[in-house]
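Below is one structure; the comments refer to it alone.
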Amino acid sequence: MTIQCISRLRSRRVVQDQLEGSDTASAKVATGGGGSVCCWANLPHELLRDVLLRIEESETRWPQRRNVVACAGVCRSWRFAIKEIVQVPEISGKLTFPISVKQPGPKECLLQCFIKRNQSTRTYHLYLSLTNALTDDGKFLLAACKCRRPTCTDYIISLRAEDISKGSSTYVGKLRSNFLGTKFSVFDGQSSHAGAKMTKSRSSRLAYSKQVTPRVPFRNYPTAHISYELNMLGSRGPRRMQCIMDTIPTTSIRPGGVAPTPAEFSVNNVNVFPSIPSFHSKSASMKNFLSGPLTHQKDGGALVLRNKSPRWHEQLQCWCLNFHGRVTVASVKNFQLVASPENGPAGPEHEKIILQFGKVGKDLFTMDYGYPISAFQAFAICLSSFDTKIACE
């Protein structure tokens with residue numbers, strides 16, 4: 001068996017899906033171009049698992065890891081087998097399928113990524129670093145576009161750089177700021193747990209979908225709130241920020257703790273087409289957060305992140321943090337986030353860096369993240385640092 005054969009089989013299946021429609025194609029995913037049963041679909045389960053295990057273990061980094069993704073596209077039996085073999089990033093430390101950007105990062109290390117900013121198009125692209133160098137091409141993960149509005153700013157986040165819009169099937173979520181750029185809310189396009197509450201506003205978009213009823217509302221679930229402390233006296237020093245991760249419990253960072261881990265995208269992310277224009281309006285809860293005073297989590301339920309306090313370097317005459325060589329340019333945007341001990345004594349888990357972000361070039365920034373937040377959540381938090389904050393500096 002060769003990887004070239006797997007790629008050909010996957011390409012043949014994609015063409016079938018487009019020509020025959022999802023219902024017919026799903027019944028023929030294991031067939032060849034002539035309609036005969038694909039020989040690879042009938043491999044004994046033990047042999048198939050052994051073959052796929054060897055491929056998964058040998059292709060550990062991108063771009064070679066795309067061969068693992070290609071195996072999942074051969075037929076249904078291969079897809080199920082691959083889903084059983086490939087572990088989540090929390091355990092494996094690898095990003096394989098698109099859903100990986102919504103799953104918590106590794107526990108033992110930080111995944112190294114970088115963000116490229118294009119100021120002329122107001123877009124931001126997130127890449128997974130392929131080497132330890134700060135200038136590699138990277139594996140594309142997410143894209144965001146900045147949209148200014150009269151009273152706020154939205155950052156629309158998408159799985160594709162060529163299609164960044166709220167009505168797209170590649171829509172992942174968004175970041176919204178208040179007028180001053182001091183408070184932000186992160187919205188997820190799908191719920192990460194059963195008890196999640198979506199925002200009820202006229203901005204919910206309706207769309208046509210083949211898998212569900214003809215008109216399905218796009219939902220936005222609040223997943224995090226970010227606050228930057230006001231600097232009313234103009235004192236010298238770095239920004240102070242706090243992130244309340246609404247969908248991640250504080251127990252997740254303790255031994256045996258668990259963070260929400262979605263297994264797949266919702267049906268709204270598949271074959272979705274906009275049907276009516278969107279209307280932009282904030283919900284009541286959104287208005288309260290964006291305009292109200294800074295509040296702190298009191299019940300200890302949601303995980304709270306705070307920026308690690310830098311130290312003043314007398315010789316360099318600047319505030320310093322140890323980024324271990326991942327940040328090379330001094331900037332007010334640079335930060336490291338750790339868990340905040342809201343209602344108890346600080347422990348070792350409160351010293352571990354969960355997200356760090358910093359500047360390495362004019363429009364190039366590194367973003368390293370780990371458990372319990374996902375690449376999507378980390379990207380949204382870092383996007384908040386790009387927004388102008390006159391009242392915080």
Side-chain angles (χ1 to χ4, degrees), residues 60-62 65 86-115 126-132 134 136 138-139 141-142 157 172-173 186 188 192 223-224 226 241-263 302-310 321-327 333-342 346-358 360 365-385:
T60 58
R61 301 179 67 90
W62 287 92
R65 192 132 184 99
V86 176
Q87 295 180 315
V88 295
E90 176 184 340
I91 300 173
S92 65
K94 304 170 187 174
L95 301 181
T96 305
F97 300 110
I99 192 61
S100 298
V101 300
K102 300 289 286 293
Q103 297 172 335
K107 282 188 173 182
E108 303 301 326
C109 63
L110 295 179
L111 274 179
Q112 295 184 346
C113 307
F114 60 91
I115 298 173
L126 174 66
Y127 297 85
L128 175 68
S129 298
L130 302 181
T131 65
N132 291 327
L134 299 176
D136 63 45
K139 166 69 173 71
L141 297 178
L142 292 168
I157 303 175
V172 177
V186 181
D188 197 331
S192 60
T223 185
I226 308 161
M241 63 185 295
Q242 172 185 272
C243 303
I244 301 176
M245 311 304 296
D246 297 330
T247 58
I248 304 177
T250 54
T251 55
S252 63
I253 62 173
R254 299 171 188 167
V258 177
T261 306
L303 177 68
V304 178
L305 306 179
R306 60 171 177 83
N307 61 310
K308 191 174 182 179
S309 300
L321 282 170
N322 185 5
F323 288 93
H324 302 283
R326 291 285 293 163
V327 176
K333 295 179 175 65
N334 302 347
F335 65 80
Q336 291 178 327
L337 293 185
V338 296
S340 176
E342 289 296 293
E349 66 272 18
H350 298 106
E351 294 297 322
K352 184 178 180 180
I353 295 174
I354 294 175
L355 170 63
Q356 68 176 21
F357 171 79
V360 294
F365 304 79
T366 56
M367 186 198 89
D368 304 337
Y369 78 98
Y371 179 87
I373 66 174
S374 65
F376 162 68
Q377 292 168 329
F379 187 38
I381 293 173
C382 292
L383 288 174
S384 72
S385 186

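Hydrogens, waters and symmetry mates play no part in the numbers below; they use all other heavy atoms, side chains included. This chain uses plain numbering: 1 for the first residue, then up along the sequence.
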In this structure, CE of M245 is separated from OG1 of T223 (nearest 0.5 Å) by 5.5 Å
Please enumerate all residues that pass side-chain hydrogen bond (donor to acceptor under 3.5 Å, both in side chains) together with T131, with sequence neighbours excluded.
D136
Determine, stepwise, if the pair L110 / I353 fulfils side chain to side chain contact (heavy atoms under 4.5 Å, CB included).
CA-CA 8 Å; L110 295 179; I353 295 174; 4.2 Å; yes
Just verifying a value: how many Å separate R61 CZ and L95 CG, rounded to the nearest 0.5 Å?
11.5 Å
Which atoms form the tightest heavy-atom contact between F376 and V172, and what is the distance?
CD1-CG1, 3.6 Å
With L141, the side chain to side chain contact (heavy atoms under 4.5 Å, CB included) member among P98, S100, C113:
C113
Can you check whether C382's main-chain N or O pairs, donor with acceptor, with S385's side chain at less than 3.5 Å?
no
Measure the shortest side-chain to side-chain distance between I354 and L305 over non-hydrogen atoms and say whether it is less than 4.5 angstrom.
yes
Main-chain N/O of S252 paired with Y371 side-chain donor or acceptor, under 3.5 Å:
yes
Nearest heavy-atom approach of P372 to L303 is CG-CD2, 3.6 Å
Are F357 and I115 side-chain neighbours, meaning at least one heavy-atom pair lies under 4.5 Å?
yes
Atom CG in L355, atom SG in C243: separation rounded to 0.5 Å?
8.0 Å
Below 4.5 Å, heavy atoms only, C-beta onward: do D188 and Q377 meet side chain to side chain?
no
Below 4.5 Å, heavy atoms only, C-beta onward: do R65 and V86 meet side chain to side chain?
yes
Side-chain contact, heavy-atom cut-off 4.5 Å: V338 with R306?
yes
Quick one: pull up CG in L321 and CZ in F335 and give me the separation to the nearest 0.5 Å.
11.0 Å
Do any N or O atoms from the side chain of Q103 and from the backbone of P262 form a donor-acceptor pair under 3.5 angstrom?
yes
Exactly one of H324, Q112, R326 clears side-chain hydrogen bond (donor to acceptor under 3.5 Å, both in side chains) with D368, and that residue is R326
How many angstroms lie between atom CE of M367 and atom OG of S129, to the nearest 0.5 angstrom?
9.5 Å
Nearest-0.5 Å distance, CD of residue Q336 to CG of residue N322:
7.0 Å
For K107, does its backbone N or O pair with a side-chain atom of K352 as donor and acceptor, under 3.5 Å?
yes
Where T261 and P104 come nearest, the two heavy atoms and their spacing
OG1-CD, 3.5 Å
Ignoring hydrogens, what is the shortest heavy-atom contact between Y369 and S374? Give both atom names and the distance.
CE1-C, 3.7 Å
Evaluate the side-chain proximity of L126 to V101: yes if any heavy-atom separation is below 4.5 Å, no if none is.
no
